[in-house]
Asks: 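Structure in structure tokens, see below.
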Amino acid sequence: IFDAGRNRANLQIAETTRDTALAQYDKAVQTAFREVADALAERATLAERLLAQQSLQAATLRALQLSEARYRLGADSYLPVLDAQRSLYSAQQTLIGLALAEQVNRITLYKVLGGSWNDATPDGEATMPGR
């Protein structure tokens, strides 16, 4: 009889705790789905961008070869060769950046899908990242 108020209060606390935990779980699930969707969308655009950049690099390499041939034949000064080299280096640098972004995206996708891996420490003990 005297514990009725305390029992009702404990029940309300338990219900509130349950509702809070459920809301946090829902938020975690929604966040996980969003992260996976974002990583997959970025992966699709990265693949297209990599192909386009590889094509651009091939085109700038061909332009460099043509500029060098024109220079060797005496049809042009060395300035177009230098400009073509600069364009090629820029295309290569962008391609390397995109390849790096693709690898980072792979790791992110692996991570958001729940993957984990073991890293061996110098003393031979295996550790889990984030633990």
Side-chain angles (χ1 to χ4, degrees):
I1 295 175
F2 296 110
D3 291 337
R6 184 172 35 176
N7 287 340
R8 284 190 192 119
N10 286 339
L11 178 62
Q12 288 176 345
I13 290 171
E15 288 173 347
T16 302
T17 303
R18 180 200 64 205
D19 292 343
T20 302
L22 184 60
Q24 289 173 343
Y25 176 77
D26 285 344
K27 180 181 176 187
V29 169
Q30 290 174 359
T31 300
F33 277 120
R34 186 187 75 245
E35 288 175 348
V36 170
D38 290 348
L40 288 173
E42 183 180 356
R43 183 161 185 74
T45 61
L46 277 171
E48 293 172 4
R49 290 172 57 196
L50 271 170
L51 287 174
Q53 192 62 36
Q54 288 169 344
S55 176
L56 177 64
Q57 180 184 352
T60 55
L61 177 61
R62 182 69 180 137
L64 174 61
Q65 292 167 344
L66 292 174
S67 294
E68 288 173 339
R70 288 180 56 87
Y71 172 73
R72 279 192 306 271
L73 293 174
D76 264 343
S77 67
Y78 199 66
L79 185 60
V81 174
L82 293 174
D83 189 42
Q85 284 177 343
R86 181 193 49 79
S87 295
L88 177 61
Y89 297 152
S90 176
Q92 289 172 336
Q93 187 176 13
T94 303
L95 183 61
I96 291 168
L98 284 172
L100 175 64
E102 183 195 22
Q103 294 303 317
V104 169
N105 176 261
R106 285 177 191 243
I107 293 168
T108 300
L109 187 58
Y110 184 76
K111 179 182 158 188
V112 299
L113 286 174
S116 62
W117 61 89
N118 289 333
D119 285 340
T121 59
D123 61 356
E125 182 180 318
T127 61
M128 295 294 286
R131 290 190 183 185

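All values below come from the heavy atoms of this structure, side chains included, with hydrogens, waters and symmetry mates left out.
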Asks: Heavy atoms only: give me the nearest Ser67-Val81 pair and the separation to one decimal.
Replies: O-CG2, 3.4 Å

Asks: Which value, rounded to the nearest 0.5 Å, describes the distance between Arg6 atom CZ and Leu11 atom CG?
Replies: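 Reported to 0.5 Å precision, the distance equals 14.0 Å.
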
Asks: How long is the straight-line distance from OG1 of Thr94 back to CG of Leu50, given to the nearest 0.5 Å?
Replies: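 Interatomic distance, Leu50 CG to Thr94 OG1, rounded to 0.5 Å: 11.0 Å.
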
Asks: Supply the atom-to-atom distance Asp19 CG to Gln12 CD, rounded to the nearest 0.5 angstrom.
Replies: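 It comes to 11.5 Å.
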
Asks: When rounded to the nearest 0.5 angstrom, what distance separates CG in Leu88 from CD in Gln65?
Replies: 9.0 Å

Asks: When you look at CD of Gln93, are more than 12 heavy atoms from neighbouring residues, nucleotides or ligands closer to it than 6.0 Å?
Replies: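 No - once you tally the heavy atoms of other residues, nucleotides and ligands closer than 6.0 Å, there are 12 at most.
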
Asks: Please list, one pair per line, the donor and acceptor atoms closer than 3.5 Å that link side chains of residues 20-47 to other protein atoms, with sequence neighbours excluded.
Replies:
{"from": "Thr20", "atom 1": "OG1", "to": "Thr16", "atom 2": "O", "distance (Å)": "2.8"}
{"from": "Thr31", "atom 1": "OG1", "to": "Lys27", "atom 2": "O", "distance (Å)": "2.8"}
{"from": "Thr45", "atom 1": "OG1", "to": "Glu42", "atom 2": "O", "distance (Å)": "2.9"}

Asks: Roughly how far, to the nearest 0.5 Å, is the CD atom of Gln53 from the OG1 atom of Thr60?
Replies: 8.0 Å

Asks: Identify whether Leu64 and Leu82 are in the same connected component of the hydrophobic contact network (ILVMFWY, side-chain heavy atoms under 4.5 Å).
Replies: yes

Asks: Among pairs that include at least one residue of residues 59-84, which meet salt bridge (Lys or Arg N to Asp or Glu O under 4.0 Å), considering only residues two or more places apart or in two chains?
Replies: Arg70-Asp76, Asp83-Arg86

Asks: Hey, could you give me the CG/OG distance between Leu61 and Ser87, rounded to the nearest 0.5 Å?
Replies: 12.0 Å

Asks: According to a 4.5 Å side-chain heavy-atom criterion applied to Ile, Leu, Val, Met, Phe, Trp and Tyr, with indirect links allowed, do Leu66 and Tyr78 form part of one hydrophobic cluster?
Replies: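 Looking at the clustering, Tyr78 is in a separate group from Leu66.
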
